[in-house]
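Encoded as structure tokens, the structure appears first; notes follow it.
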Amino acid sequence: MTNPPYAPPKLEKGTLRITPLGGLGEVGRNMTVYEIDGKLLIVDCGVLFPEVQHPGVDLILPDISKIEDRLGDIVAVVLTHGHEDHIGGVPYLLKLREDIPLVGSRLTLAFVEAKLKEHRIRPKTRVVAEGDRVEYGPFDLEFVAVNHSIPDALAVAIRTDAGLVIGTGDFKMDQLPLDGRITDLRAFAKLGEEGVDLFMTDSTNADVPGFTPLEKNIGPVIEQVIAKTPGKVVVASFSSHVHRVQQVLDAAHANGRRVVLLGRSMVRNMKIAADLGYLDVPEGVLVDLKKSGDIPDHRIVYMSTGSQGEPMAVLSRMVNREHQVEVGHGDTVIMASSLIPGNETSVYRVIDGLIKLGANVVHKGNAKVHVSGHAAAGELLYCYNIVRPKNVMPIHGEYRMLVANAALAIETGVPQNRTVIAENGTVVDLADGVARAVGQLDTEFIYVDGKSVGRVTDDDLRDRRTLAEEGFISVITVVEPTTAHIVSGPDIHAKGVAEEARVFEKIKPQIADALEAAMQDGVTDHHQLQQITRRTIGRWVGTKLRRKAMIVPVVVVV
């Protein structure tokens, strides 16, 4: 339940104000704004992928409208890692002010720069690594290595006059990671000794007991599935999941198969990762789709996008037989990624479609082909005991995850009144070692629909859902009010309401009678006559057809 909006007080000098504009109460579009002494620091700017209730929407952004009048005060944008839910919104922010400095690791900025190139934006960037310490305005930033499902992820420690804040970004504590880069608990402990005033921690797996399984356990399972498949193998994952692609390349190589990357973002990101040395490609394994036609099915693996059931991604197009790669009997599809909350219906629709085509579908529910990139409850307990923060504000997750994360902090000794369970738009002030919620902004979804940003509203989406689910009815009538006479019509045209047009013959006389009666009573305004038409047919459709169709009445007065 969203808190009612209320205005925060004027920000006092020396107080740090923290306002999440996305990522709380949801998994995606992570963005947090820090403000002190008139300057703003942004950490992450990601996207949320649309669900079934967002027809026609491509992406959902954080509510960047809340800082549009403060663009000149932004000193930098810190990007914790290269997943879309943390960097996907950067082009839309930089379209408002192109010279905002972007700060992040080498791989993260390489992914962002490739994305910005498509938007014809040349950013100002600063590459940082774990252990680096840089200053932007009143913000003193220190970066800490954390392990995640993408290389080069960083936590950020933010020092200001108000105190020390740590934002973990997305992280876990895999002790045997594929790239050997573990979460630096020694750095966390050192910051804890200095005194952490506010610890902002990843909540995605806070309600999952124990520890997240090791990433290295996935490789042998993928290799075994590939070995047993007589036909082609398709592996679906996120286009930025470098570790998973590495495992697929190694498994394919061990089975004498070639690998084809499918999906523009997958091809782009893996080329970047390989060029920078984050992806080790066995010689001769990768082959371009255009040159793969002569390779037999039992010698090929396709690495594709679409693991979340996105309608335009490769896997959905395969299900709809709209992609040149076809799957069927003897083929195996591996869904090698987590299921983002809200995408369940789309994902299972794709799985059903693949099975109908005859493919064997392997997913997290029936095989160990994916592990999460987020710390489970046991790992979070370790972090709280190491850092010993004065205040805790869970971030990155749906509401139940935030609550579970706060409960873990309380178990380790953080006072309950020092845990802040915030929502998007909650204004939190840190002063004198205490963090407290002081306001609530009314934040909104910013929809990207084609080239349109922010022009599509919730009302527009409601209309689209009505069109998709309930259908459309137009009623055209030509009337002569002076004689209370209907010149022509009503003509009814419907889509998605009834199987046969003749069902509307019964309502036409009722519409005509209602219009004539209104005109005889002196109603001549076409808007009023249109409303009479709408009410008459709307009641009939609701009662007789049990539909709530979108009705567009047109009354032409002559």
Side-chain angles (χ1 to χ4, degrees), residues 149 151 176-180 213-307 313-315 317-319 323-337 351 354-355 357-364 366-371:
S149 54
L176 298 169
L178 298 180
D179 59 2
L214 301 178
E215 194 85 39
K216 76 181 188 72
N217 293 340
I218 303 303
V221 179
I222 292 176
E223 185 174 330
Q224 186 178 32
V225 172
I226 291 174
K228 289 182 177 180
T229 299
K232 68 177 75 71
V233 176
V234 179
V235 185
S237 183
F238 295 117
S239 64
S240 53
H241 201 332
V242 179
H243 294 325
R244 190 68 71 248
V245 175
Q246 183 69 67
Q247 289 170 317
V248 171
L249 290 174
D250 293 342
H253 184 56
N255 282 279
R257 293 192 184 225
R258 310 287 293 278
V259 176
V260 177
L261 301 179
L262 300 177
R264 188 167 54 91
S265 57
M266 177 71 75
V267 173
R268 180 192 67 198
N269 288 344
M270 291 312 117
K271 183 180 187 308
I272 292 169
D275 289 346
L276 294 179
Y278 293 96
L279 185 69
D280 181 19
V281 181
E283 189 172 350
V285 167
L286 273 182
V287 60
D288 188 85
L289 176 63
K290 295 176 182 177
K291 300 177 181 178
S292 64
D294 295 333
I295 302 174
D297 286 350
H298 68 284
R299 290 290 179 218
I300 199 161
V301 175
Y302 296 97
M303 186 80 216
S304 85
T305 57
S307 62
V314 170
L315 209 56
R317 287 160 54 204
M318 286 183 185
V319 169
H323 197 277
Q324 68 186 87
V325 176
E326 297 180 351
V327 294
H329 295 280
D331 299 333
T332 295
V333 178
I334 303 173
M335 308 284 281
S337 68
I351 291 174
L354 291 167
I355 292 174
L357 292 174
N360 174 40
V361 181
V362 179
H363 53 84
K364 190 179 179 182
N366 58 23
K368 273 196 171 181
V369 291
H370 178 73
V371 296

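Atom NZ of K228 is separated from atom CG of N360 by 10.5 Å, given to the nearest 0.5 angstrom. Atom OG in S239 sits 14.0 Å away from atom CZ in R244 (nearest 0.5 Å). Here the CD atom belonging to E215 is positioned 5.5 Å from the CD atom belonging to Q247, to the nearest 0.5 angstrom. With rounding to the nearest 0.5 Å, the separation of NE2 in H241 from OG in S149 is 4.5 Å. Taken from CG in D250 to CG in L178, the straight-line distance is 9.0 Å, to the nearest 0.5 Å. Remark: L262 CG to T305 OG1 distance equals 7.5 Å, nearest 0.5 Å.
For I300, the side-chain contact (heavy atoms from CB on, under 4.5 Å) criterion is met by K232, V260, S292, I295, Y302, not counting sequence neighbours. In terms of the salt bridge (Lys or Arg N to Asp or Glu O under 4.0 Å) criterion, R258 has no residue partners (sequence neighbours excluded). For P213, the side-chain contact (heavy atoms from CB on, under 4.5 Å) partners are V371, not counting sequence neighbours. For K271, the salt bridge (Lys or Arg N to Asp or Glu O under 4.0 Å) partners are D275, not counting sequence neighbours. Partners of T229 according to the side-chain hydrogen bond (donor to acceptor under 3.5 Å, both in side chains) rule, which considers only residues two or more places apart in sequence or in another chain, are T332. For D288, there are no salt bridge (Lys or Arg N to Asp or Glu O under 4.0 Å) partners at least two apart in sequence or on another chain.
Within the 3.5 Å criterion, the main-chain N or O of D280 finds a donor-acceptor partner in the side chain of Q246. Formation of a donor-acceptor pair under 3.5 Å by the N269 side chain with backbone atoms of M266 is not found in this model. Side chain of R299 to backbone of N255: a donor-acceptor contact under 3.5 angstrom is found.
Between V234 and I334, the closest side-chain pair of non-hydrogen atoms is not below 4.5 Å. Looking only at side-chain heavy atoms (C-beta outward), V362 and M335 stay at 4.5 Å or farther from each other. Side-chain contact between E326 and M318 is absent, with no heavy-atom pair separated by less than 4.5 Å.
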Go through V301 and V235 one step at a time and tell me if the side chain to side chain contact (heavy atoms under 4.5 Å, CB included) criterion holds. CA-CA 7 Å; V301 175; V235 185; 4.0 Å; yes
Checking V325 against L289 for the side chain to side chain contact (heavy atoms under 4.5 Å, CB included) test, could you report, in this order, the C-alpha distance in whole Å, the side-chain angles of both residues, the deciding distance, and whether it holds? CA-CA 9 Å; V325 176; L289 176 63; 4.1 Å; yes
Worked verdict on L249 versus L286 for side chain to side chain contact (heavy atoms under 4.5 Å, CB included): CA-CA 8 Å; L249 290 174; L286 273 182; 4.0 Å; yes
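The two atoms that bring H370 and A336 nearest to each other are ND1-O, 3.6 Å, heavy atoms only. When all heavy atoms of V242 and P151 are compared, the pair lying nearest together is CB-CD, 3.6 Å. The two atoms that bring V267 and L261 nearest to each other are CG2-O, 3.6 Å, heavy atoms only. Contact record, A251 with I222: CB-CG2, 4.0 Å, taken as the closest heavy-atom pair. Summarising the geometry of V281 relative to A274, their closest heavy-atom pair is CG2-CB, 4.1 Å, with the distance given to 0.1 Å.
Under a cut-off of 6.0 angstrom, the local environment of NE2 in H253 is sparse, with at most 12 non-hydrogen atoms contributed by other residues, nucleotides or ligands.
Of the N and O atoms on the side chains of R257 and H298, not one donor lies less than 3.5 Å from an acceptor on the other residue.
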